[in-house]
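Before I ask anything, here is the structure I am working with.
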2 protein chains.
Amino acid sequence: MGTGVARKISESTVRRLSLYLRFLEEFEEQGTETLSSEELARRGSTTAAQVRKDLSLFGSFGKRGLGYSVRELKSTLRRLLGLDRAWRVALIGAGRIGSALFAYGDFRRRGFTIVTVLDTDPDKIGARWGSVRIQDAEGLEEVLRRESVDIAILAVPVEEAQRVADRVVDAGVQAVLNFAPTQLHVPTEVALRDVSMSMELEALSFALTTGNGTGP
Amino acid sequence: MGTGVARKISESTVRRLSLYLRFLEEFEEQGTETLSSEELARRGSTTAAQVRKDLSLFGSFGKRGLGYSVRELKSTLRRLLGLDRAWRVALIGAGRIGSALFAYGDFRRRGFTIVTVLDTDPDKIGARWGSVRIQDAEGLEEVLRRESVDIAILAVPVEEAQRVADRVVDAGVQAVLNFAPTQLHVPTEVALRDVSMSMELEALSFALTTGNGTGP
DNA sequence: ACATGTGAACTGCTTCACAGCG
DNA sequence: CGCTGTGAAGCAGTTCACATGT
């Protein structure tokens, strides 16, 4: 029990924890106070055993014979995922994808605050988006340090992505979310996730072609 | 050998096939004609054995002692992934994310053509985006059928996502790419992928919090 | 000689089934 | 009695190592 030992948590478990948290928020809105692993599982297309196993990696949060307190489990998951604090995010690239991401409400709602936006286009530099002013990507390292950025979102053209990633890493940022359709290389201590929209479409193409499903 | 038997291909294998294809295109541009599993593996942060195993699920495409022909393997992968044809895609939701996706060059480049855009906003319906005119989502089923849509991209608000998904499925579409931050439920024969940007950020938050890496 | 293709070993995730506890 | 928490079993994906073919 406890979060003491730094077990190796699998990617799939982390994804499911995020999902559970979403469901708990929905259940809370509906006024549900208590929930069984069975009900969580149904909502998330998984199994009750999987839910319990996932949670048991971090401790014992349920009451036998009863289930889980929605309120408690919700705040436990928020804490486990590190969502009990505000993360400072830099958005690099103020193009179409960048601007869509900037306006994306779900980020803010979950504690990710875009504290700075950078671009190289002189026509964009200096413009205001809400309360932030677009910075010149020329001074990227300085800006990221000054703003104590925790996470960098890369929404830059594919040709520039690796170069920008290198600079972001140089600036000491430990987490990168990449939207460019390329495989970035970063040191192992830097966390990297890709949002690969074309690859998702290709997986659908494959599923349509072979008749293979995609779901679990 | 051959694609005859419909083995069950794992999600990770499909993702890697997409990656290999990208790398092959890059290598081809550089004029490389032949490639070993070792080189492909290095480029994709995986192992040579993994590359060979992935490919061996579909046949034997290499020459012993030599490696793989870039040109041949590229076209084989394109065929395997179903990218040797043009897929007809409907974009549902003409908001910020929708418009960013519409302009996203990587889709077109890979054979995914957005043949229709739908929305419910009267101010948007009828507007032209390039060569397509925004349709009233009221007539969704009819539009999707008329346009022989293979894949629907959902870029709608989270509250509407499930309802829209149901209608898309009713219209006979067999593949859905969901950008709304919610878990959709569709029949098993329909292929569904989620692009969950907030969940990727949450995975980064978790990695930063625990010190766990994210990579393989 | 060299790199593929593949059975066998291994590792790790998922499911099962039940003891334990409210 | 019901539902959790968890060892143990089962299964899937990855890595190893070598026979095979050029």
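Below, read A as the first sequence line, B as the second, and so on, with proteins coming before strands; counting in each chain starts at 1.
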*State which residues pass ring pair (Phe, Tyr, Trp, His ring centres under 6.0 Å) with B:F102; sequence neighbours excluded, sorted by chain then number.*
B:W129
_A:D54 CG to C:dT14 C1', straight-line distance once rounded to whole Å_ = 10 Å
_Nearest whole Å is fine: how far is D:dG13 P from B:R15 CZ?_
12 Å
Distance-only criterion, 3.5 Å: show the donor-acceptor pairs between side-chain atoms of residues 148-157 of chain A and protein atoms not counting sequence neighbours.
| from | atom 1 | to | atom 2 | distance (Å) |
| --- | --- | --- | --- | --- |
| A:D150 | OD2 | A:R85 | NH2 | 3.2 |
| A:D150 | OD2 | A:R88 | N | 2.8 |

*Is there a donor in the side chain of A:Q50 and an acceptor in the side chain of A:T47, or the other way round, less than 3.5 Å apart?*
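The answer is no; no qualifying pair exists.
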*asked:* If the condition is side chain to side chain donor-acceptor pair (under 3.5 Å), which residues does A:R42 pass it with, not counting sequence neighbours?
replied: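 For A:R42, no residue satisfies side chain to side chain donor-acceptor pair (under 3.5 Å) once neighbours in sequence are set aside.
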*Taking only residues at least two apart or on different chains, which pairs with a member in residues 170-182 of chain A satisfy side chain to side chain donor-acceptor pair (under 3.5 Å)?*
A:N178-A:D194
*asked:* Suppose we screen for ring pair (Phe, Tyr, Trp, His ring centres under 6.0 Å). Which residues come up paired with A:F23, at least two apart in sequence or across chains?
replied: none
*Applying side chain to side chain contact (heavy atoms under 4.5 Å, CB included), name anything that partners A:S12, two or more places apart in sequence or on another chain.*
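Counting only residues at least two positions away or on another chain, A:S12 forms a side chain to side chain contact (heavy atoms under 4.5 Å, CB included) with A:S10, A:R15, A:R16.
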Atom pairs and distances, side-chain donor-acceptor, residues 107-116 of chain B, under 3.5 Å, sequence neighbours left out:
| from | atom 1 | to | atom 2 | distance (Å) |
| --- | --- | --- | --- | --- |
| B:R109 | NH1 | B:D106 | OD1 | 2.8 |
| B:R110 | NH1 | A:E202 | OE2 | 2.9 |
| B:R110 | NH2 | B:E25 | OE1 | 2.7 |

*B:E26: partners by salt bridge (Lys or Arg N to Asp or Glu O under 4.0 Å), with sequence neighbours left out*: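 Per chain and number, B:E26 pairs via salt bridge (Lys or Arg N to Asp or Glu O under 4.0 Å) with B:R43.
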*How would you list, by chain and number, every residue that makes a side chain to side chain contact (heavy atoms under 4.5 Å, CB included) with A:S196, sequence neighbours excluded?*
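Scan of A:S196 (side chain to side chain contact (heavy atoms under 4.5 Å, CB included), adjacent residues dropped) gives A:M199, B:R22.
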*Do any of residues 25-39 of chain B sit with a heavy atom less than 4.0 Å from DNA chain C, and if so which?*
B:S36, B:S37
*Can you tell me the distance, in whole Å, between the CG atom of B:L55 and the P atom of D:dT14?*
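Distance, rounded to whole Å: 13 Å.
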*Within residues 66-76 of chain B, residues whose heavy atoms come under 4.0 Å of DNA chain C*: B:L66, B:G67, B:Y68
*Atom CG of A:L57 to atom P of C:dT14: distance rounded to whole Å?*
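To the nearest whole Å, that distance equals 10 Å.
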*What string of B, S and - do you get for nucleotides 15-22 of chain D, 5' to 3', when a contact is any protein heavy atom under 4.0 Å?*
BBB-BBBS
